[in-house]
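Notes follow once the structure below has been shown.
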Amino acid sequence: MPTAKTLLCACEDVTRAEVRRAFQAGHRDLESVKRYTGFGTGPCQGKSCLALVAQELLRLGATPAEVAPFTIRPPCDPVALSALAGLDPASLPLGGGRGEPAPRPPEQLPRPSAALPARADVVVVGGGIMGLALASELARRGVTDVLVLERGYLNAGASGRNGGGVRAQWTTPTLIRLAKRSLELCRRFAVELGVNVWMRRGGYLFLAPGPAQVGWLERTLPVHEANGLRTRLVTPDEACEVVPQLDRRRFLAASWNPDDAVVFPWPFLWGYAARAQALGAQVATFTRVTGFERQGARLTAVVTDRGRVACETVVNAAGAWSKEVAALCGVALPNRPTRHEILVTEAMTPWLGPLVSVLGNGLYFSQSQRGELVGGMGDPEEPEGLELGTSLRFLARFARAITACAPATGHLRVVRQWAGCYDVTPDNNPILGAAGFENFLQLSGFVGHGFMMAPAVAELMAGWMAGGPPDEIFTRFTVDRFARGALAREEFIIG
């Protein structure tokens, strides 16, 4: 006889009680429950547990639309990195179109039962970490008439698809300041919001494979030191004292900051969403923005596929979809969404302290608290586009790069790969402040580092929106800088 302790997902030890707890917390659809409990993310990729969890959700009252199966992530079965490294990436297409379900007609999508409010002081477009952190920080300051609109489920976008790195190693004092504050807020997150984000301060180790990268690190180091970071330029031998599995023949020097960290991204969204809602803000998932109403220099309402919401202020925090959202009211943003792929291996005994990245090829990898190796790598040939499918080419490129950097990883088996989108700007810095309309505020363009900047940026933006003075980032990073030519390109981008 099944009980509350019955395992529904043996790979991740998810019980019937945990699925029920997720449902009671408002996570009714399979994708949300997957991210809330972790079911379906182990080696079998849902083959054994998907039907069991779906049956349980139907018993609890979920609708057929809410239990539409998610697409099992490739590879279909665990594959060793050494086998993937034997493939020639040049012979493989960029690919795409796999790994995500085909779009469903609106009537088949999960729909919240509660109606949208007729108006809200602030409407935030985008329920990723930027939008939810802002809503939470606004509510904490007493601005509670806030509505967050998310086109899918929470964690559907880049916030739920990234590697969780949080680092202070940047090239400008502004980004270093923001990152240091985010690290501090991450450290306090579990205590203040009651959600464990599994923060691990194992540091970041950037490997310089050639003289050009060594020179770049040497020029960057004084900026780090002047801004209070404990960054050191270390030799290959010293780097191998931190990670003995590295092949010291593959790099000439490394940049090491022991205070950088890795977190588990998913709980961040639950924590911010829960606090925002507890303080009075509203979060509407599966709600797509389809247009705006305007009067003169102001937006007056947000139009969605579930109705219209009048508002005083609109914040565009839609990440890779920000350009698309801005275009709905005729505002042109220079943002370029670009696919970025990540993979995870089976869990293993802890052996890797820091997040390791190789300058030049964009490889990065770390070990999660659960023991999995999590890593990604950008592809210079990746075109602009909202592409969330995955590719064999990425697996081959990543496998070759990591087994060259750390040969002992060859036996590790890949159990899952996925893709998200970077929200790229021409100078690799965000776009903040008003654009097009005086009450249309931008909170986008963070390239691949939005997740790590969100706690600090949301705190500053909420303080400004609540009546405080604007931080300099809201004048430095406005969209008109591209027309003015006032650019300071950030080069410390990985992946």
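Aromatic ring centres of F440 and F292 lie closer together than 6.0 Å. Under the 6.0 Å cut-off for aromatic ring centres, F398 and F365 do not qualify, their centroids lying 6.0 Å or more apart. Two rings, from F264 and W266, have their centers less than 6.0 Å apart. The aromatic ring centres of F39 and H27 sit 6.0 Å or more apart.
The list of salt bridge (charged side-chain N to carboxylate O under 4.0 Å, His left out) pairs with a residue in residues 348-377, not counting sequence neighbours, reads E12-R370, R370-E372.
Donor-acceptor pairing under 3.5 Å is lacking for the side chains of Q169 and N257.
Between L207 and V356, the closest side-chain pair of non-hydrogen atoms falls below 4.5 Å. You'll find the side chain of I402 stays beyond 4.5 Å of the side chain of Y364, heavy atoms only. Using a 4.5 Å cut-off on side-chain heavy atoms (C-beta onward), P383 and L94 make contact. Contact annotation: the side chain of E459 approaches that of R141 to within less than 4.5 Å [non-hydrogen atoms, C-beta and beyond]. Under the 4.5 Å side-chain criterion, counting only non-hydrogen atoms from C-beta, L84 is not in contact with F394.
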- Show your reasoning for whether side-chain contact (heavy atoms from CB on, under 4.5 Å) applies to N162 and M452. CA-CA 10 Å; N162 66 88; M452 67 178 75; over 6 Å; no
- Query: Between S322 and Q442, is a side-chain hydrogen bond (donor to acceptor under 3.5 Å, both in side chains) present by the stated rule, with each step listed?
  - Reply: CA-CA 8 Å; S322 292; Q442 308 304 308; 5.9 Å; no
- Item | Verdict with reasoning, D305 to F286, per side-chain contact (heavy atoms from CB on, under 4.5 Å) | CA-CA 9 Å; D305 59 356; F286 298 104; over 6 Å; no
- Message: What verdict does the side-chain contact (heavy atoms from CB on, under 4.5 Å) test give for L154 and T285, after you've listed the backbone C-alpha separation in whole Å, the side-chain angles of each residue and the deciding distance to 0.1 Å?
- Response: CA-CA 7 Å; L154 299 187; T285 55; 3.9 Å; yes
- Task: Evaluate side-chain contact (heavy atoms from CB on, under 4.5 Å) for V53 paired with L30, printing each intermediate quantity in order.
- Result: CA-CA 8 Å; V53 175; L30 271 174; 3.8 Å; yes
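The one candidate from R339, R393, R397, R336 that meets the salt bridge (Lys or Arg N to Asp or Glu O under 4.0 Å) condition with E382 is R339. A side-chain contact (heavy atoms from CB on, under 4.5 Å) with L395 is found for one member of T390, V79, L343 and no other, namely L343.
For the salt bridge (Lys or Arg N to Asp or Glu O under 4.0 Å) test, no residue two or more places apart in sequence or in another chain qualifies with K34. F206 is linked by a ring-ring contact (aromatic ring centres under 6.0 Å, His included) to Y204, F492, counting only residues two or more places apart in sequence or in another chain.
To the nearest 0.5 Å, atom CZ of residue R200 and atom CG of residue L355 are 8.5 Å apart.
Using bins of under 30°, 30° to 60° and over 60° for the plane-to-plane angle, the ring pair H449/W170 lands in the tilted bin.
A salt bridge is absent between E18 and R16; no separation between the charged side-chain nitrogens and carboxylate oxygens falls under 4.0 Å.
Here the closest heavy-atom approach between residue A135 and residue V146 is recorded as CB-CG1, 4.0 Å.
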